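Working notes for the structure below.
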Amino acid sequence: AGTACGAAEAGAARGAAQLELCRRCKQDFAPGARAAPCRFHSGDFAGETRQRWADPGDHAGGGDVLEFWTCCGAGALDAPGCKTGQHLSFSDPLPVLEEDYDN
């Protein structure tokens with residue numbers, strides 16, 4: 001019962017401040033403050049075996065999986081975003097072209 005009450009209070013506090021969740025950086029933002037900087041990755045966090053980049057016949061470490069962001073090559077899931085732009089709520093349409101990003 002305490003958890004439901006706490007969740008209701010958190011929802012009410014979020015509603016009172018009228019914050020939205022940014023789908024890019026996962027931070028709360030005020031809709032009037034979209035111009036505030038948002039850092040995010042435009043790609044996916046993926047993995048690939050080391051064998052993909054090895055010379056033919058070189059099998060050393062071939063089964064090791066290298067994980068990275070496909071947009072910039074950063075190797076940590078929590079690496080700072082490589083793109084900046086305006087916050088984007090879950091109710092906004094997603095940009096589909098690279099030109100839709102600020103940089």
Side-chain angles (χ1 to χ4, degrees):
T3 303
C5 182
E9 289 171 4
R14 185 180 181 138
Q18 297 193 22
L19 296 176
E20 293 190 39
L21 181 65
C22 179
R23 72 181 339 159
R24 292 173 166 165
C25 69
K26 309 302 184 261
Q27 300 295 317
D28 286 331
F29 72 98
R34 287 182 189 267
C38 172
R39 287 185 60 112
F40 60 96
H41 289 283
S42 60
D44 297 315
F45 193 70
E48 185 65 63
T49 61
R50 189 179 303 271
Q51 187 63 37
R52 179 180 176 110
W53 294 283
D55 292 327
D58 180 7
H59 301 290
D64 297 342
V65 176
L66 303 174
E67 295 178 322
F68 56 93
W69 284 100
T70 58
C71 48
C72 63
L77 182 59
D78 61 350
C82 60
K83 301 277 185 187
T84 58
Q86 292 184 341
H87 290 292
L88 188 69
S89 75
F90 282 90
S91 59
D92 293 328
L94 276 175
V96 293
L97 301 173
E98 189 66 24
E99 297 85 44
D100 291 335
Y101 297 112
D102 290 343
N103 64 16

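The model shown is predicted, which means the values in this text are computed figures rather than measured ones.
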Over all heavy atoms of both residues, which pair between Pro93 and Arg23 is shortest? Give the atoms and the distance, please.
-> C-NH1, 4.4 Å
When rounded to the nearest 0.5 Å, the distance separating CG of Leu21 from OG of Ser91 is 10.5 Å
Among all residues two or more places apart in sequence or in another chain, which pass the side chain to side chain contact (heavy atoms under 4.5 Å, CB included) test with Ala46?
-> Thr70
For His41 and Cys72, indicate whether the former's side chain and the latter's backbone hold a donor-acceptor pair under 3.5 Å.
-> no
Report the distance from atom OG1 of Thr49 to atom CG of Asp64, rounding to the nearest 0.5 Å.
-> 9.0 Å
Minimum-distance pair of heavy atoms, taken over all atoms of Phe68 and Gly73 | CB-O, 3.8 Å
State the CG-NE2 distance between Asp28 and His87, to the nearest 0.5 angstrom.
-> 9.5 Å
Which distance, rounded to the nearest 0.5 Å, do you find between the CH2 of Trp69 and the CG of Asp44?
-> 7.5 Å
Would you say Arg24's side chain and Thr84's backbone share a donor-acceptor pair under 3.5 angstrom?
-> no
Those residues that, when tested against Glu67, pass side chain to side chain contact (heavy atoms under 4.5 Å, CB included) (two or more places apart) = Phe45, Val65
Does any non-hydrogen side-chain atom of Cys25 lie less than 4.5 Å from one of Arg39?
-> no
